[in-house]
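Predicted, not measured: the structure shown is a model, and the values here were computed from it.
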Amino acid sequence: VLKQRNILTQLGRRCFTQTPPLMSFVYSVARKPLAGKMNKEGEDAHFCTSQILAVADGVGGWMESGIDSSKYSQKLCKNIQEISEGLLKKGPVDPHELLIQAAQKNTEIGSSTCCILTLNEEKKSLLGANLGDSGFLVYRKYGGSLKLIEKSREQCHSFNFPFQIGTGGDDPKLADKYSLSAELNDIIVLGTDGLWDNLFDIEIRKSLQTYLNDAGEIKELDKLSGLLLQQTEQASQNINHKSPFSKRAREHFFAYNGGKPDDITIVV
């Protein structure tokens, strides 16, 4: 959710609000690792501040070679944190460049998908970079309902084979770039494929609408992110659920029913 930040400066008994007003992310993170992974915390990682939102999903296939891919995704997010601290001192952060630098600095064995969102306060714009099958949605209130403003595109070589950065992986420069105008109270949902494989956009929007007040604000972000996590986990364990993953599987002539159990990380 995008919010306005009023910076108050005290001069004696008089206060004034600095102009122009700034924008920032107000966020809540909900996550649950899937039991049975090499790392009990799962292979997902994330990094979030008032100016940067990022998620990464270590590719589980490395487990077959005895490699814990959570180390790669965690190091990737650590690099995003460290590099962004320097970039923020120079001005708005380009998420595409941030992703490239964070990947180049990662020496861990493994690979990961990654999605990063940043704010350009001067231009009041939301910038994004996405590589693989993590992703994001942006909603804006029009009248009494929410309208989908932007949706990231899934990058896959073939079914269930996402683009990934890391050992033997794809060039991080291949990450898709996004740029759109940002408005106060825009609602952003960022997540790893544990979310997108199990809930359709319309199901997510229905949950967002439940927590939307008349002013277009969501006041209980923690409850909302928790609800989405609960719904995603339930869908992932339901063998009868008509999930986005099962839909894509059938489109590629695979017989698959139900949700897809996985690590889940959701940022609202």
Other residues, nucleotides and ligands only: do more than 12 of their heavy atoms fall within 6.0 Å of CD1 on Ile109? no
| query | Got a donor-acceptor contact below 3.5 angstrom from the Ser158 side chain to the Phe161 backbone? | reply | no
Backbone of Tyr72 reached by a side-chain donor or acceptor of Asn106 within 3.5 Å:
yes
In short, salt bridge (charged side-chain N to carboxylate O under 4.0 Å, His left out) pairs touching residues 145-168 with sequence neighbours left out are Lys151-Asp201, Arg153-Asp176, Glu154-Arg248
Checklist entry - Should we say atom NZ of Lys260 is surrounded by more than 12 heavy atoms from elsewhere, each under 6.0 Å from it? => result yes
Please answer whether the main-chain N or O of Ala102 pairs with a side-chain N or O of Asn79 as donor and acceptor at a distance below 3.5 Å.
yes
Review point. Going through the distances and angles, do Asp171 and Lys173 end up as a salt bridge (Lys or Arg N to Asp or Glu O under 4.0 Å)?
Key: CA-CA 5 Å; Asp171 188 337; Lys173 294 179 181 178; 5.2 Å; no
Query raised in the report: Could you walk me through whether Arg205 and Glu203 pass the salt bridge (Lys or Arg N to Asp or Glu O under 4.0 Å) check?
Result: CA-CA 5 Å; Arg205 184 177 64 181; Glu203 294 173 300; over 6 Å; no
| message | Side chains of Ser70 and Ser73 only: does a donor on one sit below 3.5 Å from an acceptor on the other? | response | no
Just checking, any donor-acceptor pair under 3.5 angstrom between side chains of Glu97 and Gln101? yes
Notebook entry, point to check: Does Gln209 reach the main-chain N or O of Gly144 with its side chain, forming a donor-acceptor pair under 3.5 Å?
Noted result: yes
> Is a side-chain donor-acceptor pair under 3.5 Å present for Asp57 with Thr192?
Replying inline: no
For salt bridge (Lys or Arg N to Asp or Glu O under 4.0 Å), just list the numbers for Glu85 and Lys89, CA-CA rounded to whole Å, side-chain angles, deciding distance to a tenth of an Å, and then say yes or no. CA-CA 7 Å; Glu85 289 174 352; Lys89 296 176 182 178; over 6 Å; no
- prompt: Looking only at side chains, do Ser28 and Asp222 share a donor and an acceptor under 3.5 Å apart?
  reply: yes
inquiry  = Go through it in stages, so that I can follow the logic: the residues are Lys32 and Glu41, the test is salt bridge (Lys or Arg N to Asp or Glu O under 4.0 Å), and I'd like the CA-CA distance, side-chain angles, deciding distance and then a yes or no.
reply    = CA-CA 8 Å; Lys32 187 167 185 178; Glu41 292 300 316; over 6 Å; no
- Query: Between the side chains of Asn257 and His241, is a donor N or O closer than 3.5 angstrom to an acceptor N or O?
  - Reply: no
Review point. Can a donor-acceptor pair be found between the side chains of Gln51 and Ser24 at a distance below 3.5 Å?
Key: no
Smallest heavy-atom separation, Phe136 atom then Ser152 atom, equals N-OG, 2.9 Å
Separation between NZ (Lys124) and CE (Met23), nearest 0.5 Å, reads 6.0 Å
Exercise. When the ring planes of Phe245 and Phe159 are compared, do they come out parallel, tilted or perpendicular, using 30° and 60° as the limits?
Worked result: tilted
Would you call Lys105-Glu82 a salt bridge at under 4.0 Å N-O? yes
Q.
I'd like to know if the side chain of Thr113 pairs up with that of Ser134 as donor and acceptor (distance under 3.5 Å, no hydrogens or angles considered).
A. yes
